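Right, one structure below, let's go through it.
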Amino acid sequence: MDRFSEYRIMWILVFFDLPTETKKDKKEYMLFRKRLQCDGFTMFQFSIYVRHCASMENAEVHIKRVKSFLPEYGKVGIMCITDKQFGNIDLFYGKKPLPPNAPGQQLELF
């Protein structure tokens with residue numbers, strides 16, 4: 001199997017709905033977003049962050065990491081899809097189609 005197959009490369013989607021009523025809630029919300037960003041996730045929409053992973057094994061490491069810093073309250077979903085599935089997403093800004101986000105540059109060290 002090709003090492004960089006569009007069926008082997010994975011995307012992790014983290015979507016969340018967190019409370020922001022109190023100062024503590026807002027702090028937890030900001031901390032959760034900051035931790036996602038520090039782990040290589042980028043904003044896809046306001047409450048949806050995505051991360052490109054070279055393999056399912058690599059994705060599992062990042063999923064485990066996200067689970068380690070889940071906030072006390074609110075709803076968080078984590079979904080893993082293949083690069084092929086991610087490439088089939090139809091994106092629009094109003095009625096105007098948008099091209100999908102290109103994956104980040106993967107560096108490989110030997």
Side-chain angles (χ1 to χ4, degrees):
M1 177 184 249
D2 184 13
R3 192 166 164 192
F4 295 107
S5 163
E6 61 191 346
Y7 295 101
R8 180 165 164 70
I9 295 171
M10 304 301 290
W11 285 87
I12 305 170
L13 288 82
V14 176
F15 31 92
F16 52 92
D17 186 11
L18 304 180
T20 56
E21 286 83 39
T22 68
K23 206 173 195 178
K24 184 180 178 203
D25 289 342
K26 289 176 187 173
K27 185 177 180 182
E28 285 289 317
Y29 170 81
M30 296 301 287
L31 182 60
F32 183 69
R33 287 182 60 240
K34 183 177 181 180
R35 286 177 170 165
L36 285 173
Q37 292 168 341
C38 286
D39 193 37
F41 285 82
T42 57
M43 185 190 294
F44 187 76
Q45 290 184 353
F46 288 120
S47 294
I48 302 174
Y49 279 69
V50 297
R51 188 183 199 292
H52 184 259
C53 295
S55 67
M56 187 61 197
E57 294 80 14
N58 181 243
E60 288 170 354
V61 168
H62 294 283
I63 291 169
K64 184 177 179 181
R65 192 169 296 144
V66 171
K67 289 179 178 179
S68 77
F69 59 75
L70 289 171
E72 187 175 356
Y73 300 106
K75 295 179 183 177
V76 177
I78 303 170
M79 181 178 8
C80 207
I81 61 174
T82 66
D83 192 47
K84 177 72 172 171
Q85 291 168 320
F86 190 81
N88 287 333
I89 296 173
D90 289 330
L91 299 173
F92 299 89
Y93 185 78
K95 292 185 178 191
K96 181 180 178 184
L98 291 176
N101 289 345
Q105 180 69 28
Q106 269 319 108
L107 298 177
E108 189 168 329
L109 300 174
F110 297 93

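As a basis for the values below, the full set of heavy atoms in this structure was taken, side chains included, without hydrogen atoms, waters or symmetry mates. This structure is a prediction, so every number in the text was calculated from the model and none was measured. We count residues from 1, following the sequence as given.
- Side-chain contact between Phe86 and Ile9: absent, with no pair of heavy atoms (C-beta onward) separated by less than 4.5 Å.
- Within the model, atoms CG of Asn58 and NE2 of His52 stand 10.0 Å from one another, a figure rounded to the nearest 0.5 Å.
- Across Cys80 and Ala59, no two heavy atoms sit closer than the pair SG-CB, 3.8 Å.
- In this structure, CG in Asp83 is found 10.0 Å from CG in Asn88, a value given to the nearest 0.5 Å.
- A salt bridge links Glu57 with Arg8: the distance from a Lys NZ or Arg NE/NH1/NH2 to an Asp or Glu carboxylate oxygen falls below 4.0 Å.
- Hydrophobic clustering keeps Ile63 apart from Val61 (ILVMFWY residues linked when any side-chain heavy atoms are closer than 4.5 Å, directly or through intermediates).
- Remark: of the listed residues Asp39, Leu36, Leu13, Ile12, Leu36 is the sole one forming a side-chain contact (heavy atoms from CB on, under 4.5 Å) with Tyr49.
- Around the CE atom of Met30, the shell of radius 6.0 Å holds no more than 12 heavy atoms that belong to other residues, nucleotides or ligands.
- Among residues two or more places apart in sequence or in another chain, the side-chain hydrogen bond (donor to acceptor under 3.5 Å, both in side chains) test is passed with Asp25 by Thr22.
- Met79 is not listed as a side-chain neighbour of Gln85, based on a closest heavy-atom distance of 4.5 Å or more.
- Looking at Met10 and Ile81, their side chains never come closer than 4.5 Å, going by heavy atoms from C-beta outward.
- Atom OH of Tyr73 sits about 15.5 Å away from atom CG of Asp17, to the nearest 0.5 Å.
- The closest side-chain heavy-atom distance from Val66 to His62 is not below 4.5 Å.
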Would you list the atom pairs, donor with acceptor, under 3.5 Å between side chains in residues 89-98 and any protein atom, with sequence neighbours excluded?
none

Let me see the working for Ser47 and Phe15 under side-chain contact (heavy atoms from CB on, under 4.5 Å), right down to the final yes or no.
CA-CA 6 Å; Ser47 294; Phe15 31 92; 5.9 Å; no
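- Residues passing the side chain to side chain contact (heavy atoms under 4.5 Å, CB included) test with Arg35, sequence neighbours excluded: Leu31, Phe69.
- Two residues are said to be in side-chain contact when any heavy atoms from C-beta on lie closer than 4.5 Å; Ile78 and Lys67 meet this criterion.
- In terms of heavy atoms, Phe46 sits closest to Phe16 at O-CZ, 4.2 Å.
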